[in-house]
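Treat the numbers as computed from the prediction; the structure is a model and nothing was measured. Whatever order the structure lists them in is the order used to number ligands and atoms, beginning at 1. In this chain, numbering begins with 1 at the start of the sequence shown.
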Amino acid sequence: MHTEAAVTREKVVQRDREDPLAALREHFDLPPDLRYFDGNSLGPLQPASRERVHDTVARQWGQDLIQSWNQHAWIDLPRKVGGKIARLIGAEPSEVVVADSTSVNLFKLLAAALALNPGRTVILSEASQFPTDLYMAQGLATMAAAKPSLRLVERRELLSAIDRDVAVLSLSHVDFKTGELADLSAITAAAHERGALVLWDLSHSAGAMEIELDGAGVDLAVGCTYKFLNGGPGAPAYVYVARRHHEQARSPLWGWFGHRTPFAFDTDYQPAAGIDRFQCGTPPVLSLAALDSALDVFEGMDLGALRLKSTALGDLFLELVEQRCQDQGLEIACPTDSRRRGSQVALRHPAGYPIMQALIERRVVGDFRTPDILRFGLCPLYQRYLDVWDAVETLRQILAERSWDKERFHHRSAVT
Ligand SMILES: *Cc1c(COP(=O)(O)O)cnc(C)c1O
């Protein structure tokens with residue numbers, strides 16, 4: 001990357017002054033001295049969510065108890081919150097429901113996809129895919145009667161690997177390590193031409209860019225809500241099933257919340273109409289309350305403007321790394337072309353782990369992905385251009401002083 005003139009701190013501060021999204025930061029409760037680059041792993045708390053959870057616990061649970069399912073419409077939360085997410089992913093509210101975890105939803109939708117495409121038994125995916133997406137497919141392959149199998153290829157071989165055996169492609173919209181953004185509509189169209197369905201995992205894209213699932217003719221999708229959607233630790237995930245599949249698609253997990261009439265307590269399972277059949281058991285009300293409130297920050301928001309700031313933050317990050325961290329053994333691991341990059345920057349360094357720990361000690365929080373990736377999530381809702389400046393400046397100092405090479409930075413925690 002060649003830059004005409006060096007970026008200065010003053011210019012960066014100026015960009016924050018001119019940022020039309022700057023005021024959104026006030027919705028979040030971030031420690032003032034923290035430079036937070038891990039919103040793609042755990043989005044920060046909004047005071048509104050804290051109050052909502054407090055009210056749900058103290059008043060609804062505490063005082064109104066069981067009546068709250070009706071009185072405070074707890075029972076409607078999976079669809080209500082699904083409806084809010086629908087707008088962010090280009091779907092109809094009736095196509096999205098919140099339930100279970102992303103892992104469990106992958107299982108449900110992969111099983112549904114195999115049944116929707118009879119005669120084909122292969123789940124096609126990429127070796128670089130997030131592990132749980134692969135594990136759920138591997139587990140399914142051991143148990144389903146149709147004896148499905150998982151085939152893994154590299155991205156460049158993906159389209160040529162879609163033969164007559166492939167029932168479904170299971171892919172991430174954004175690669176969790178490199179941040180590479182897949183061409184969702186082109187891949188979906190190519191899969192359909194070859195008779196395969198497509199299941200997209202939107203965990204690393206929804207809430208950071210425009211997504212048009214209906215527009216692209218996507219069949220199935222899942223995604224996390226505790227990353228860019230800021231739902232809180234362990235918040236439940238969502239399921240998208242295109243309306244044209246609603247009649248046929250079946251969840252393999254026949255829980256009573258996916259029953260046509262849960263409170264009839266019938267002996268036999270009958271799937272609910274539409275997307276509701278992809279619910280399973282009792283929804284996690286406290287987490288749903290936090291998520292419901294967290295999503296309000298997106299109301300009426302122009303997702304194009306979010307994407308614009310996200311790519312600008314990423315471009316600035318990479319430009320500063322090029323300018324200020326030369327000859328330090330850093331490599332850029334994400335696409336430099338912002339059109340092919342999700343909402344994160346990924347750098348490679350053989351000492352990636354201790355470098356990230358040294359950054360964290362200096363209050364610049366990103367994360368590390370094995371074997372050598374330093375990952376910096378970019379969240380246009382609350383990040384400032386100055387945060388990017390500070391992060392790269394701290395990184396520059398740590399590398400120049402080799403201050404990462406200390407005993408305490410080499411100790412690996414359970415969560416990296
Ligand atoms: C974060 C993430 C998950 C997480 O799944 P959980 O069931 O919530 O633990 C799954 N897939 C992808 C692609 C992710 O980025």
Side-chain angles (χ1 to χ4, degrees), residues 37-44 78 81-82 85 88-89 96-111 113 123-140 150 152 155 158 168-182 184 187 198-209 211 213 218 220-240 251 253 278-281 283-284 287-288 290-291 294 334 341-346 366-370 373 375-379 414-416:
F37 289 86
D38 227 348
N40 57 335
S41 253
L42 180 65
V81 178
I85 294 171
L88 303 179
I89 59 178
V96 183
V97 72
V98 174
D100 305 313
S101 62
T102 302
S103 302
V104 172
N105 290 333
L106 283 160
F107 184 85
K108 292 190 283 194
L109 291 192
L110 286 173
I123 298 166
L124 179 65
S125 191
E126 295 172 321
S128 58
Q129 169 77 300
F130 192 85
T132 205
D133 300 49
L134 301 182
Y135 302 159
M136 296 314 286
Q138 288 164 9
L140 179 64
L150 176 64
L152 299 180
R155 168 66 50 87
L158 192 64
V168 57
L169 263 71
S170 173
L171 299 171
S172 278
H173 193 194
V174 173
D175 184 285
F176 78 106
K177 283 189 183 172
T178 65
E180 185 175 348
L181 176 66
L184 181 140
I187 293 174
V198 187
L199 162 51
W200 286 101
D201 189 326
L202 308 176
S203 292
H204 279 288
S205 56
M209 63 186 70
I211 300 173
L213 292 185
V218 168
L220 308 160
V222 295
C224 270
T225 63
Y226 50 78
K227 295 173 178 169
F228 290 113
L229 301 183
N230 311 308
Y238 56 90
V239 176
Y240 160 91
S251 170
L253 302 180
F278 285 93
Q279 295 197 54
C280 187
S287 289
L288 273 165
L291 174 60
C334 56
R341 191 175 65 231
S343 204
Q344 73 182 56
V345 160
D367 59 24
F368 170 77
R369 287 296 174 261
T370 191
I373 291 199
R375 213 169 58 145
F376 299 89
L378 303 169
C379 187
V415 175
T416 62

Asks: State, to 0.1 Å, how close Ser343 and Met209 come at their nearest heavy-atom pair, and which atoms those are.
Replies: N-CE, 4.4 Å
Asks: Should the pair Asp175-Arg155 be classified as a salt bridge under the 4.0 Å nitrogen-to-oxygen rule?
Replies: no
Asks: Give every donor-acceptor pair under 3.5 Å between a side-chain atom in residues 220-234 and any protein atom, sequence neighbours left out.
Replies:
residue: Thr225; atom: OG1; partner: Pro236; partner atom: O; Å: 2.6
residue: Asn230; atom: ND2; partner: Phe228; partner atom: O; Å: 3.4

Asks: For Phe130, which part has a heavy atom under 4.0 Å from ligand 1: side chain, backbone, both, or neither?
Replies: side chain
Asks: Would you name the heavy atoms of Leu134 and Ala127 that are closest together and state the gap between them?
Replies: CD1-O, 3.9 Å
Asks: Considering all heavy atoms of both residues, which atom of Gly366 and which atom of Asp38 are nearest to each other, and what is their separation?
Replies: O-OD2, 3.2 Å
Asks: List the atom of Val218, the atom of Tyr240, and the distance in Å for their closest heavy-atom pair.
Replies: O-OH, 3.4 Å
Asks: Does ligand 1 have a heavy atom under 4.0 Å from the side chain of Asp201, from its backbone, from both, or from neither?
Replies: side chain
Asks: Among all protein heavy atoms, pick the one closest to atom 4 (C) of ligand 1 and tell me residue, atom and distance.
Replies: Tyr226 OH, 3.2 Å
Asks: Could you list which atoms of ligand 1 come closer than 4.0 Å to a heavy atom of His204?
Replies: 15 (O)
Asks: Could you tell me which residues satisfy ring-ring contact (aromatic ring centres under 6.0 Å, His included) with Phe107, sequence neighbours excluded, listed by chain and number?
Replies: none
Asks: Considering non-hydrogen atoms of the protein only, which is the closest contact for atom 5 (O) of ligand 1, and what is the distance?
Replies: Thr102 CB, 3.5 Å
Asks: Around atom 15 (O) of ligand 1, find the nearest protein heavy atom and jot down its residue, atom name and distance.
Replies: Lys227 NZ, 2.5 Å
Asks: Closer than 4.0 Å to some heavy atom of Ser172 - which atoms of ligand 1 meet that?
Replies: 13 (C)
Asks: Between Ser103 and ligand 1, which residue portion shows a heavy-atom distance shorter than 4.0 Å: side chain, backbone, both, or neither?
Replies: both
Asks: Is the closest heavy atom of Gln129 to ligand 1 under 4.0 Å?
Replies: no
Asks: Suppose I only count heavy atoms of Ser101 and a 4.0 Å limit; which atoms of ligand 1 are within that range?
Replies: 7 (O)
Asks: Relative to ligand 1, is Asp133 under 4.0 angstrom through side chain, backbone, both or neither, heavy atoms considered?
Replies: side chain
Asks: At their closest point, which heavy atom of Glu126 faces which heavy atom of Leu158, and how far apart are they?
Replies: OE2-CD2, 4.0 Å
Asks: With heavy atoms of Cys224 as the reference, note each atom of ligand 1 found under 4.0 Å away.
Replies: 1 (C), 2 (C), 3 (C), 4 (C), 8 (O)
Asks: Answer with yes or no whether Ala237 contacts ligand 1, where contact means a heavy atom under 4.0 Å from a ligand atom.
Replies: no
